[in-house]
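The structure appears below as structure tokens.
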Amino acid sequence: MSELDRARDRSPVPRDWAYAPAPESRDVVHIDERYGHFVGGAWLEATETYETISPASEEPLAQIGQGTAHDVDRAVAAARDAQQNGWSSLPGAERAKYLFRIARILQERSREFAVLESLNGGKPIKESRDVDLPLAAAHFFYYAGWADKLEYAFPNRSPRPVGVAGQIIPWNFPLLMLSWKVAPALACGNTVVLKPAETTPLTALLFCDVLRQAELPPGVVNIVTGDGRTGAALVDHPDVDKIAFTGSTEVGKAIQRQLAGTGKRLTLELGGKAANIVFDDSALDQAVEGIVNGIYFNQGHVCCAGSRLFVQESIYEPLVEKLKRRLETLRVGDPLDKNTDVGAINSAMQLEKIKELVAAGEAEGAEIYQPPCRLPEKGYWFAPTVFTNVAQSYRIAQEEIFGPVLSVLTFRTPDEAVEKANNTPYGLSAGVWTEKGSRILWMAQRLRAGVVWANTYNRFDPSSPFGGYKESGFGREGGLHGLEPYLRFENE
Ligand code: NAI
Ligand code: MG
């Protein structure tokens, strides 16, 4: 035995790696008791309100306006007015100035926004701080850069703004989805009425203060809060030129039906059931990190989550063993603790949906694994979960769970992997893990998914377009492609 080994042999090995609490301070955030709607640069009193809570503790945070058709009408009128009287005729470089300001203010106030996002939505502070906020600011920086270059982006096509955009966003990435919607719309000279998701309105409402600081002209961005009824009123409004929606496939389909024949433009970013495919020549430990990031990031509340893991048969056992071991190290708990990996489930409703599908998985015969972890008593929680022995026909292999639940399936050949991966009504994203470059390209060509990540997962950049095939929706957000839905071209 070497000296070093001997020393190691004698030193006590700590068995319990419990971390001391490392809570982020809430003091940076101020929350009003009650909020109205942000219309024409001012606060419009809400006639009816509901309570928004922290899903980690069920603590009430504020009273939020339930927007009526009348509120939506006021907001659309303000947006139309701002669009016709200044914003769309402003030189692109001037519009860019505002977008750059917004981006810089988001960076400056990022800690405040990150804490509020985690408080209202339940996601770990580590993620809101390191992912949501930097990406939200990056989107504004990126589209600020395009505002004065639209003629170069679409040469000889005379790009013009579409008009008033109605935008409806979900609760999984509240501020980030706001930035995906607002930044390109404004860069192209449109004005906006945005409806945040009912469970996570607070960062959108704080964003109104960023608009005030940036001195954005009144009416260019209007925010009306409320549930699906408010969203439906926005979709229905005759003076909205374009609807951009991110959310469930069910509501996306309803919106498409509602808009048929109206001439309003529409982009839909809907659900997913992504395949994350691991070949036997891949670096297994890296793949395990990618699998974990793919499904447990943001509690699995991710439209592009890698929720179906396809493992080549020859490495099935070692991979699943490594994965289970890795799961034991995930820390589930207080979203505001800097060491937390998996936070709270966003709402009681979403928790019910996850529980129902997990029960269906067990009833259909899949084998469930959850690492030992103590879940807090108050709030909405679900332990990271892996299902093995999953058949393609099971509900857990077909339906979007939108929670920290992974279904493991196997394959033998690349052809079989492609066939199984594409066997879904969705087509938003996929992951491929292999050492072979040629195989990555071969797979990427055949996978019916808007994004294919190779040897990584859930990687985002504002310059890269994102969007789906089939029931995952249509239209692209991000990149040059993300400008197009907000522009009219010659002869249009
Ligand atoms: P949802 O689609 O009902 O909600 C998304 C947004 O649409 C919210 O702002 C909501 O207020 C609004 N909305 C609801 N009904 C509407 C209507 N008739 N007209 C216009 N707007 C409407 O999604 P929900 O109920 O929160 O979640 C259900 C499931 O949908 C989740 O379990 C998940 O599977 C999926 N989902 C997918 C998302 C994605 O990013 N692709 C985001 C959120 C949910
Ligand atoms: Mg719904």
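Note that ligands are numbered from 1 as they come in the structure, with each ligand's atoms numbered from 1 the same way. Note that the structure is a prediction, hence the values are computed from the model and not measured. Quick note: residue numbers are just sequence positions, from 1.
Taking atom 35 (C) of ligand 1 as the reference point, the nearest protein heavy-atom neighbour is E400 OE1, 3.4 Å. The shortest contact between atom 28 (C) of ligand 1 and any protein heavy atom is with S248 CB, 4.2 Å. Looking only at protein heavy atoms, the nearest one to atom 13 (N) of ligand 1 is G228 CA, 3.6 Å. For atom 38 (C) of ligand 1, the nearest protein heavy atom (residue, atom name, distance) is F402 CZ, 3.4 Å. What sits closest to atom 43 (C) of ligand 1 on the protein, heavy atoms only, is P170 CB, 3.6 Å. Protein heavy atom at the shortest distance from atom 7 (O) of ligand 1 is F245 CE1, 3.2 Å. Atom 41 (N) of ligand 1 has as its closest protein heavy atom L270 O, 2.8 Å. The protein non-hydrogen atom at the shortest distance from atom 11 (O) of ligand 1 is E198 OE1, 2.6 Å.
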Can Q83 and N190 be said to form a side chain to side chain donor-acceptor pair (under 3.5 Å), step by step?
CA-CA 6 Å; Q83 189 251 332; N190 305 278; over 6 Å; no

Take Q398 and T424, measure what side chain to side chain contact (heavy atoms under 4.5 Å, CB included) needs, and give me the verdict at the end.
CA-CA 7 Å; Q398 300 256 331; T424 166; over 6 Å; no

Begin from the C-alpha positions of F140 and W180 and carry the test ring-ring contact (aromatic ring centres under 6.0 Å, His included) through to its verdict.
CA-CA 8 Å; F140 278 101; W180 279 29; over 10 Å; no

Stepwise, does the salt bridge (charged side-chain N to carboxylate O under 4.0 Å, His left out) test hold for E45 with R34?
CA-CA 9 Å; E45 186 70 33; R34 185 188 166 98; 3.3 Å; yes

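Using a 4.0 Å cut-off between heavy atoms, D227 contacts ligand 1 through its backbone alone, with no side-chain atom that close. Contacts between K353 and ligand 1, counted as non-hydrogen atom pairs separated by less than 4.0 Å, involve the side chain only. Only the side chain of Q350 comes within contact range of ligand 1, with a heavy atom under 4.0 Å; no backbone atom does. The part of N172 lying near ligand 1 is the side chain, judged by heavy-atom distances below 4.0 Å.
Considering backbone and side-chain N/O of G226, none are found under 3.5 Å from N/O of ligand 1. Geometrically, ligand 1 and V251 share no nitrogen or oxygen pair separated by less than 3.5 Å. For ligand 1, none of its N or O atoms has an N or O atom of T246 under 3.5 Å away.
Atoms of ligand 1 found under 4.0 Å from any heavy atom of I168, numbered from 1 in the order shown, are 6 (C), 7 (O), 9 (O), 12 (C), 20 (C), 21 (N). Interface atoms of ligand 1 facing A197, defined by a heavy-atom separation under 4.0 Å, are 9 (O). If you number the atoms of ligand 1 from 1 as listed, the ones under 4.0 Å from a heavy atom of G231 come out as 19 (N), 20 (C), 21 (N). Of all atoms in ligand 1, numbered sequentially from 1 with element shown, those under 4.0 Å from a heavy atom of A232 are 19 (N), 20 (C). Here is the list of ligand 1 atoms found below 4.0 Å of a heavy atom in C303: 39 (C), 40 (O), 41 (N). Ligand-side atoms of ligand 1 in range of I169: 6 (C), 8 (C), 9 (O), range being under 4.0 angstrom from any heavy atom.
Remark: distances from the non-hydrogen atoms of W171 to ligand 1 include one below 4.0 Å. For the ligand labelled ligand 1, residue G271 lies inside the 4.0 Å heavy-atom shell.
In this structure, atom 26 (O) of ligand 1 has protein heavy atoms in its sub-4.0 angstrom surroundings.
Side-chain contact between S110 and R129 is absent, with no heavy atoms from C-beta onward closer than 4.5 Å. The closest side-chain heavy-atom distance from I64 to T49 is not below 4.5 Å. Contact check for T203 versus L178: no side-chain heavy atoms found under the 4.5 Å cut-off.
Between W87 and Y98, the ring planes lie tilted relative to each other; the angle falls in the 30° to 60° range. Ring geometry, W453 versus F466: the interplanar angle falls from 30° to 60°, so the pair is classed tilted.
Between the N346 side chain and the T199 main chain, no donor and acceptor come within less than 3.5 Å of each other. Of the possible donor and acceptor atoms, none in the side chain of T267 sits under 3.5 Å from a partner among the backbone N and O of G475.
Residues D71 and R74 are not paired through a salt bridge, judged by the lack of any N-O separation under 4.0 Å between the basic side chain and the carboxylate.
Annotation: cation-pi pair K355/F382 absent, no NZ/CZ under 6.0 Å from the ring centroid and within 45° of its normal.
Between the OG atom of S407 and the CD atom of Q392 there is a distance of 11.0 Å, given to the nearest 0.5 Å.
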